[in-house]
Amino acid sequence: MLVYPSGIDVSTSTLRYLSARLRARRQERGTRWRRVSVGRQALLVLAHLRSGHTYAQLAAGFGVGTTTAYRYIAEAIDVLAALAPTLAEAMKTASTKAFVILDGTLLPIDRIAADRPFYSGKHKRHGMNVQVITDPAGRLLWASPALPGAVHDIRAARTHGIIDVLAETGVECWADKGYRGAGGTIRQPYWGRWETLSAGQQAVNRSHAKIRALVEQAMATLKTWRLLRKLRCSTTRITNLVQAVLVLHLTCAN
């Protein structure tokens, strides 16, 4: 396999942050020697998450075996996922905001047609449903564990307890029509065909759509980590991947 120099559009502060977490993990385990330093391991992990490089490509580039590359990446993802904010912690931050925005996104996966639980009728493809909460500026605050793509947004929000937590904390939340009937503090646009709505209802829906459009920034931010654009791993690992990316994003943002 040919090897060539390449770059990753991630800040050095993110590399230092991940290196520090991996160094602490090695000290905790009493690891004496590894094929690569913590800095190189962190770089390998960032190349996988940000650029979507395969284990074989990374193994060739870093001079290690494919199995070793897999172990290094799995270790780092577990370390990062454990640092992800819980919903309760995210609500503490959300309570200081004027409101939050809730939406769901589908992370595509490579599954066959027989895997119906993962098939989203809305998106016409297989994937995993992830719920996202952002602040009024569209900045990510929290990302949920991944559920099969066949799960609708309103059911996913109830499964994760999002609706109840928002109501308990009194945080106003803007959401789309996929959350119809959620109740609590979740606001949705008026339901019905555009021409059947009154002028006032149409004005409210326009304003609602402008506010909700900001959540697309968060979705785009998540998918700048190219691994999430097409996941080819076991579905049981996707939650940890999403949580790891969330931690790195919050680190970059800060």
Side-chain angles (χ1 to χ4, degrees), residues 1-25 35-64 66 68-85 90 93 101 103 105-110 127-128 130 132-144 146 213-233 237-254:
M1 186 178 291
L2 298 177
V3 178
Y4 66 96
S6 183
I8 310 173
D9 55 340
V10 177
S11 66
T12 55
S13 63
T14 304
L15 179 65
R16 289 195 296 270
Y17 174 83
L18 180 53
S19 298
R21 302 285 77 77
L22 292 174
R23 185 176 296 108
R25 179 62 171 260
R35 287 289 301 275
V36 299
S37 65
V38 289
R40 293 284 287 173
Q41 181 181 355
L43 185 61
L44 184 153
V45 173
L46 292 176
H48 178 64
L49 294 175
R50 190 71 169 188
S51 303
H53 294 322
T54 65
Y55 299 130
Q57 290 170 325
L58 293 168
F62 284 81
V64 297
T66 303
T68 301
Y70 171 84
R71 286 203 314 270
Y72 284 168
I73 291 169
E75 177 186 41
I77 287 171
D78 289 344
V79 168
L80 290 171
L83 301 172
T93 303
I101 308 171
D103 203 359
T105 186
L106 188 80
L107 301 180
I109 60 174
D110 58 343
M128 299 293 284
V130 173
V132 169
I133 295 177
T134 75
D135 68 8
R139 292 184 290 262
L140 267 173
L141 297 178
W142 181 77
S144 75
L214 296 171
V215 78
E216 298 303 326
Q217 297 178 19
M219 303 303 188
T221 297
L222 268 182
K223 292 176 182 179
T224 56
W225 299 85
R226 295 176 185 85
L227 186 71
L228 298 183
R229 296 180 187 177
K230 182 69 172 181
L231 290 157
R232 296 178 172 82
C233 61
R237 296 187 57 235
I238 292 176
T239 291
N240 274 5
L241 282 171
V242 172
Q243 298 299 318
V245 166
L246 174 64
V247 170
L248 290 174
H249 166 69
L250 294 176
T251 302
C252 292
N254 294 330

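The shown structure was predicted, so the numbers you read here are calculated from the model rather than taken from an experiment.
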Fill in: Partners passing salt bridge (Lys or Arg N to Asp or Glu O under 4.0 Å) against E216 (at least two apart in sequence or in another chain)
none
Item to complete: Output all residues satisfying side-chain hydrogen bond (donor to acceptor under 3.5 Å, both in side chains) with S19, sequence neighbours left out; order by chain, then residue number.
Response: none
Worksheet item: Residues in side-chain hydrogen bond (donor to acceptor under 3.5 Å, both in side chains) with S144, at least two apart?
Response: H160
Discussion item. Just so I know, are the side chains of L58 and Y72 near enough to count as touching, which here means a heavy-atom distance under 4.5 Å?
Written reply: no
Fill in: All side-chain contact (heavy atoms from CB on, under 4.5 Å) counterparts of S51, not counting sequence neighbours
I8, H53, R226
Worksheet item: Atom OG1 in T14, atom CG in L43: separation rounded to 0.5 Å?
Response: 12.0 Å
Discussion item. Which residues pass the side-chain hydrogen bond (donor to acceptor under 3.5 Å, both in side chains) test with T54, not counting sequence neighbours?
Written reply: Q57
Worksheet item: At what distance, to the nearest 0.5 angstrom, does CZ of R23 lie from CD of Q41?
Response: 11.0 Å
Response to the item:
Residues at least two apart in sequence or cross-chain that pass side-chain hydrogen bond (donor to acceptor under 3.5 Å, both in side chains) with R40, listed by chain then number, are none
Worksheet item: Is any side-chain heavy atom of L250 closer than 4.5 Å to a side-chain heavy atom of P85?
Response: yes
Worksheet item: Would M128 and L231 count as a side chain to side chain contact (heavy atoms under 4.5 Å, CB included) if you check the C-alpha gap in whole Å, the side-chain angles of each, and the deciding distance to 0.1 Å?
Response: CA-CA 9 Å; M128 299 293 284; L231 290 157; 5.6 Å; no
Item to complete: With sequence neighbours left out, write down each residue that passes side-chain contact (heavy atoms from CB on, under 4.5 Å) with T224, or none if nothing qualifies.
Response: R50
Worksheet item: Residues two or more places apart in sequence or in another chain: which of them pass ring pair (Phe, Tyr, Trp, His ring centres under 6.0 Å) with Y55?
Response: H48, Y70
Using atom types as modelled, flag every donor-acceptor pair under 3.5 Å from a side chain in residues 238-247 to any protein atom, sequence neighbours excluded.
unit_1 : atom_1 : unit_2 : atom_2 : d
T239   : OG1    : A146   : N      : 2.9
N240   : ND2    : D78    : OD1    : 3.2
Q243   : NE2    : A143   : O      : 2.9

Practice prompt. Looking only at non-hydrogen atoms, find the nearest pair between V36 and F62 and report the distance.
Written response: CG1-O, 4.4 Å
Worksheet item: Could you give the distance from OG1 (T105) to CG (L228), rounded to the nearest 0.5 Å?
Response: 9.5 Å
Item to complete: For V132, check side-chain contact (heavy atoms from CB on, under 4.5 Å) against everything at least two apart and list the hits.
Response: V130, T134, L140, A218, M219, L222
Response to the item:
Applied to residues 133-144, the salt bridge (Lys or Arg N to Asp or Glu O under 4.0 Å) test, sequence neighbours excluded, yields D135-R139
Practice prompt. Could you tell me which residues satisfy side-chain contact (heavy atoms from CB on, under 4.5 Å) with A82, sequence neighbours excluded, listed by chain and number?
Written response: none
Worksheet item: Taking all atoms of both residues into account, what is the closest heavy-atom pair of V3 and A60, and its distance?
Response: CG2-O, 3.7 Å
Worksheet item: With a 4.5 Å heavy-atom cut-off, do L15 and V10 have their side chains touching?
Response: no
